[in-house]
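Have a look at the structure below, then the notes.
Below, chains carry the letters A, B, ... as their sequence lines are ordered, and counting in each starts from 1. Note that the structure is predicted; figures quoted are calculated from it, not measured. Just the heavy atoms: all of them, side chains too, but no hydrogens, waters or symmetry mates, feed the values below.
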Amino acid sequence: MSEKLNGYHVAFIIVMIELDVTVFSLPRILAENLGTNGWIGLLLLSAIAFANLGLIHLFHRVGRGRSPFEVAEQSIPRLLLKPAYILLAVFWITIGSFVCKKYVLIYQMVAFPTTNANLLYVLLAALAFYLLIKGIYNIGKAMTIFFYFTVPAALFAFYFKGQWELYRFTPFLLKGGTEGHSLKNWLEVYTIFVGYEISLFLIPFAEPKSLFKGVYFGHSLTTSVYVLLIIVSYGFFSFEQLQAMMYPLLNLFSYIELPFLNRLENLIFTLFLFSNLASLVLFGWMALMALRRAFPKARKNMLELILIAASLGIGSYPKILRDSEIMLRVVLYLETAIAFLLPAVLLVLAVYQARGKTPKPESGTPV
Amino acid sequence: MNEMRVCCLLLLALTSAALLLTGCRDEKIIERMGFTRTVALDFPEGEEDKTKLKVTISIPKSEPVNARIVLTTIAQSNKEARIMFSRQNNRQIVSGQLRTVMFGTKLAKDGIWKHIDTLVRDPSIGSKVNVVVVNGNANALLQRTYKQFPSTGEYIEDLVRTERASTEIPISNLHTFSRDYFDDGIDPVTPLIKESKEALSLDGIALFRDDTYVMRVEPQKSLLFNFLHKNFVTGEVVMAMPVQDGEQQRVMLSFVASNRKIKIRHPKTIRGGKDITVNIHLKIRGEVLEYHGKLNLQKSSDQRELEKRMKAYVEKETKLLVEKMQKQRLDPLGIGQHARNSMRYAQWKKLDWREMIPDLKFNITADVKIKDIGKLQT
């Protein structure tokens with residue numbers, strides 16, 4: 001546990017937790033909710049996420065590098081915190097599970113129409129278990145590998161130069177969304193960034209100096225990948241077509257034909273298994289941190305096992321794609337709220353504590 | 001050490017995943033599959049029932065060379081036909097390698113979106129599948145064998161691909177068709193092919209209004225259509241100009257680069273199509289390697305004269321073509337996309353673009369230049 005995460009690894013952790021199966025429908029989600037030139041809206045939303053990260057950064061400063069759990073436990077009685085920890089743990093593992101299940105359901109549609117979806121899910125969960133018991137330092141390294149498996153697929157964007165036309169963007173700014181603009185529409189788009197709040201829990205595990213460099217870099221990288229894919233999609237598809245397609249990126253990749261290979265979308269989608277596994281592992285890790293705080297005396301690997309078992313149970317619940325999408329959306333809305341509220345509450349506590357007595361010099365000790 | 005163990009475990013888990021999955025029902029043994037390469041869809045001949053569909057598929061076999069299986073059935077839909085084919089066949093019919101889908105004229109004139117829809121929806125089908133309209137009966141064309149050529153399915157693909165490279169025809173596949181179908185500022189186009197005694201040939205370009213085939217551009221006019229349709233750089237084109245000085249003039253242009261610019265002008269309030277002026281400027285550059293006519297191309301004054309004649313020819317003929325398309329309320333050139341970009345969103349949404357097309361005012365100007373005349377002086 002003495003090794004600390006470098007900013008480099010932190011960046012990949014942030015990218016991998018933000019990037020998940022939702023990216024395949026992202027251009028459609030934007031066209032539906034924000035309308036024409038949705039990439040501008042995405043940049044605005046990314047800026048809001050940056051503000052949220054700033055809040056976490058501020059907490060890091062004011063809390064002097066203490067873990068969020070330490071700060072919380074100093075002011076709130078443990079009796080109250082324990083159920084909160086358990087609730088959060090259940091919630092986070094639910095997000096990870098729903099993300100993975102949605103991926104598995106689409107994967108089933110694309111590649112294995114008659115294979116049992118739960119079987120595929122069990123395989124993912126088994127991988128997640130092995131990663132979870134290795135601790136965040138090794139997870140960070142695995143994420144680096146996963147990153148190189150998935151993100152370079154975005155470079156295929158340049159393949160579409162010949163079929164890409166600027167005039168398909170239209171000069172209209174955020175017009176033509178299917179329901180007009182509302183908080184709900186913007187929120188739905190915002191959920192594609194969900195996951196960056198993991199930086200709050202990385203505080204005790206990363207080098208204090210490079211942590212937030214990595215976090216900001218990771219988030220910018222995700223935003224750039226999203227914007228690149230959206231710009232390609234908006235010029236390659238017509239606007240109304242984007243709104244009509246379920247997973248525009250699958251169609252986009254299915255257009256690629258290399259001399260030795262075609263129907264590349266199957267390969268790329270399979271590689272995206274890793275980014276969804278990453279979401280499961282990282283949300284699982286957040287859940288694990290909360291559980292460890294609730295049950296500090298649990299046996300080694302016991303909590304990990306319980307989490308994965310829970311994930312199997314939760315993951316088997318959405319059985320069809322339609323349900324899976326609705327459930328995932330609901331938990332992501334909640335998580336967005338948590339991503340803002342948690343650091344805000346913790347910041348208040350940290351400020352309050354700093355004003356009172358100076359905290360005991362236990363900063364930096366890992367949980 | 002830890003890292004190594006993580007890696008090993010990952011590897012182990014992945015291999016076991018692969019092993020486990022192959023044990024599932026989704027196994028695909030190539031020898032037991034029939035990969036549909038080409039599908040032809042049409043209404044059955046001599047029947048008025050528009051709910052029935054005659055479907056022919058062509059499945060290439062590896063041996064002997066150019067051998068293939070051709071199956072035909074009558075069904076309610078393409079998918080239902082596939083089930084029927086599987087029944088007749090010792091192989092499982094799959095469509096992951098589908099390359100071309102052909103529609104007969106009768107079906108195309110009735111609208112093809114519902115057939116394209118099922119193809120686009122099917123995750124096993126890619127989006128680069130060629131969409132072709134057959135001038136005549138699509139099923140008969142696919143059933144025939146053309147002795148001198150590769151198996152018919154492959155033959156059609158090659159034909160479409162090579163002709164596309166020389167830009168006789170625009171790109172048309174499932175993606176471009178649905179893209180232009182959904183877009184409110186452009187109409188889809190596909191190549192037209194027909195069978196002759198010994199071979200297949202391109203028979204111009206099919207223009208669609210939404211998803212119904214309404215107008216044909218003859219092969220002689222395909223080039224002019226392409227000038228208007230998009231920018232391109234191509235190998236060779238022949239410009240057959242009308243009789244002048246008692247002789248038919250033919251110019252063979254090589255390495256042609258054509259560039260179109262569209263400018264839209266209109267007042268602030270648009271009352272009808274008459275208020276919109278569409279300026280299309282074509283810039284065409286090419287090398288003249290073959291010329292039949294009375295001009296002496298060694299003289300630069302005669303080169304200039306030829307340029308002038310070509311310019312007049314292109315301007316006149318494209319204008320006629322555009323007028324024909326306007327009469328049919330067609331916008332395959334995507335003028336609507338440009339018009340849309342020239343106004344406010346609410347204004348565009350209020351317009352009934354389709355009904356305005358016949359009244360649009362077109363000004364087409366061409367700028368044709370001979371780059372050089374090859375490496376012979378006299």
**OP:** Please examine the side chains of A/Leu280 and A/Val99, heavy atoms only from C-beta on, and report whether any two atoms are closer than 4.5 Å.
**Re:** no
**OP:** Using a 4.5 Å cut-off on heavy atoms from C-beta on, say whether the side chain of A/Val110 contacts that of A/Tyr247.
**Re:** no
Original post:
Is there a donor-acceptor contact under 3.5 Å from the side chain of B/Ser172 to the main chain of B/Val131?
Top reply: yes
Subject >> Leading residue by heavy atom contact count with chain A [cutoff under 4.5 Å; candidates B/Arg344, B/Arg179, B/Gln337] >> reply: B/Arg179
Original post:
Taking side chain as C-beta onward, heavy atoms only, is A/Ile256 less than 4.5 Å from A/Phe253?
Top reply: yes
Original post:
Using non-hydrogen atoms only, which part of B/Thr176 is less than 4.5 Å away from chain A: side chain, backbone, both, or neither?
Top reply: side chain
**OP:** Let me know if A/Phe172 has heavy atoms under 4.5 Å from chain B in its side chain, its backbone, both or neither.
**Re:** side chain
Subject >> Heavy-atom pair count under 4.5 Å with chain A, highest-scoring of B/Lys128, B/Met343, B/His338 >> reply: B/Lys128
Subject >> Check: A/Leu307 and A/Phe129 side chains under 4.5 Å, non-hydrogen atoms >> reply: no
Original post:
Between B/Ile171 and chain A, which part of the residue has a heavy atom less than 4.5 Å away: side chain, backbone, both or neither?
Top reply: side chain
Original post:
Near B/Lys114 NZ, under 6.0 Å, is it more than 12 heavy atoms from other residues, nucleotides or ligands?
Top reply: no
Original post:
Is there a side-chain contact between A/Leu249 and A/Ser233 (heavy atoms, below 4.5 Å)?
Top reply: yes
**OP:** Tell me, out of B/Ser127, B/Gly96, B/Gly126, who's got the most heavy-atom pairs with chain A below 4.5 Å.
**Re:** B/Ser127
Original post:
Non-hydrogen atoms of chain B under 4.5 Å away: do they reach the side chain of A/Phe236, the backbone, both or neither?
Top reply: both
**OP:** Identify which part of B/Ser178 has an atom lying under 4.5 Å from any heavy atom of chain A, answering side chain, backbone, both or neither.
**Re:** both
Subject >> Pairs of heavy atoms under 4.5 Å with chain B: top-ranked of A/Gln163, A/Arg168, A/Met246, A/Glu257 >> reply: A/Arg168
Subject >> Charged N-O contact under 4.0 Å between B/Arg161 and B/Glu157 >> reply: no
Subject >> chain B contact via A/Glu265 - side chain, backbone, both or neither, heavy atoms under 4.5 Å >> reply: side chain
**OP:** With a 4.5 angstrom heavy-atom cut-off, could you sort out which part of B/Asp184 is near chain A: side chain, backbone, both or neither?
**Re:** both
Subject >> Any side-chain heavy-atom pair of A/Ile320 and A/Leu105 under 4.5 Å >> reply: no
**OP:** Sort out for me which of B/Asp180, B/Val120, B/Asp183, B/Leu174 touches chain A most, counting heavy-atom pairs under 4.5 Å.
**Re:** B/Asp183
Subject >> Atom group of B/Arg121 that falls short of 4.5 Å from chain A, counting heavy atoms >> reply: neither
